[in-house]
Amino acid sequence: MAVSKVSDCAQRMLDRLEQLGRDPKAILSRLKSLEIETPSWGYADTGTRFGKFHQAAAARSIQEKLDDAGQVHKLTGICPSVAVHVLWDFPHGADAKVTEHARKAGVRIGAMNPNVFQSQCYKYGSFGNRDPEVRRKAVKHCLDSVKLGKDLGSEYLSLWFADGTNYPGQDDIRARKKRFADALKEVHKAMPSNMIMLVEYKPFEPAFYHTDIADWGMACLLARAAGPQARVLVDTGHHYLAQNIEQIVAWLIDENMLGGFHFNDRRYADDDLTMGSIDPYQVFRIFHEIIAAEEERGQTLKIAYMVDQSHNLKPKIEAMIQTVTTAHELFAKALLVDRKKLRSAQAKDDLVEAEETLRAGFFTDTRPLIGYVREQMGIEADALAAHRASGYEARVAKERTEKYGVPTEASFA
Ligand code: PSV
Ligand code: MN
């Protein structure tokens, strides 16, 4: 019953779109081809610097994280890859068994995230550190990550640096910039021709006076200095509150420098809240900029859509399904925008008509459309309900508690 309701409703929407001169087949095919990568760290017990709360179903090993990501992909149909954090997931280097485990779980290894922020030697930075030995160690870890990525068949090296200073005068800002450019160039040189380097920016935290890559402009300049396979990564949480993220996205697309996203939402800064939970209109506006450029260029842009969320309170798989579903629904809303009508409103300086054209897309209920797309992909229309009905969470919670026991307060100290 529910199945036919979803398809009836979606069919009516598609018929209406066809009458308006739109191509329903193209809309459906773009919705099926969207891919969103989920992060291995989003399935583990993670939290804030003030603490973590344990969940019995939380994954510990890379195998468990891949299993959980497999469950998300199985139910949403659009999450075939998993971003990994090199030190957290591969402390002993490449392991063919992990690749095989991923295959069995129905996913593949995605972006490699080196970690040059946790070791004691990085107190004053990694690529930006004054000490050449520390810089060498950081570069070596990134070179090892390139090699690991090659071995695991990953296409992306995703770089985020905690580097910066806490006090005025602490270091020479221009010297640090040069150290960064040199180190990035060296890592870029080691990448195979099919690998893309993503350079992420963040305005503050853990450094508070200045971060070495504080905004998209700095990331763009450094990516250009690194080499032709480097692009900018936009983490939606890494912006000041009033910042117009879709403008940044539009400019990066225009400069052919947009490489990917880390999706999350925030009230204040890098809060890691569920994508679209606070401001879905912003995500819609970002997608609108991307789809407008795709329509103009007549091709899909190569953008790595990735989630970067660590849920401290919500059940992790449910939160991930909610995120991916929200992204899919918002992407559909942006696809529905009548951009021909928008252009003609813009040409007449008809501000109200232009804005209303965007709002018409945003306020269309795309949930039946996503349900329909899923049914066409051979999966349940309602991924969250299907997950809840599957008993997956209770099963892994039991298995993992039997395997690891219940962590003590000390385990989270
Ligand atoms: C840093 O805040 C960040 O956004 C980077 O992408 C890290 O890789 C990720 O969070 C996980 O710590
Ligand atoms: Mn991030």
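Whatever order the structure lists them in is the order used to number ligands and atoms, beginning at 1.
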Open item on the list: Between D270 and the Mn ion (ligand 2), is there a contact where an N/O/S atom of the residue lies under 2.8 Å from the metal?
Closed with: no
Open item on the list: Does either side chain, that of R343 or that of T357, offer a donor lying less than 3.5 Å from an acceptor on the other one?
Closed with: no
Open item on the list: Between N264 and D271, is there a side-chain donor-acceptor contact under 3.5 Å, judged purely by atom types and distance?
Closed with: no
Task: Metal check, the Mn ion (ligand 2) vs H238 N/O/S, cut-off below 2.8 Å - done: no
Task: Side-chain donor/acceptor of Q71 to backbone N/O of H387, under 3.5 Å - done: no
TODO: Consider ligand 1: state whether an atom of it lies below 4.0 angstrom from any non-hydrogen atom of E205.
DONE: no
TODO: Return yes or no for this condition: an N or O of E200 is under 3.5 Å from an N or O of ligand 1.
DONE: yes
Task: Minimum non-hydrogen distance to atom 2 (O) of ligand 1, winning option of T46, N264, T236, D270 - done: D270
Task: Test item: H311 and T274 side chains (from C-beta on) under 4.5 Å apart, heavy atoms - done: yes
Open item on the list: Counting only nitrogen or oxygen atoms and a 3.5 angstrom limit, does D308 reach ligand 1?
Closed with: yes
TODO: For ligand 1, find out whether one of its N or O atoms is nearer than 3.5 Å to an N or O atom of W88.
DONE: no
Open item on the list: Please tell me whether E64 and Y404 have a donor and an acceptor in their side chains that are separated by less than 3.5 angstrom.
Closed with: yes
Task: N/O/S atom name from D235 that is nearest to the position of the Mn ion (ligand 2) - done: OD2
Task: D89 versus S40, side-chain donor and acceptor atoms under 3.5 Å - done: yes
Open item on the list: At under 4.0 Å between heavy atoms, is it the side chain or the backbone of H262 that contacts ligand 1, or both, or neither?
Closed with: side chain
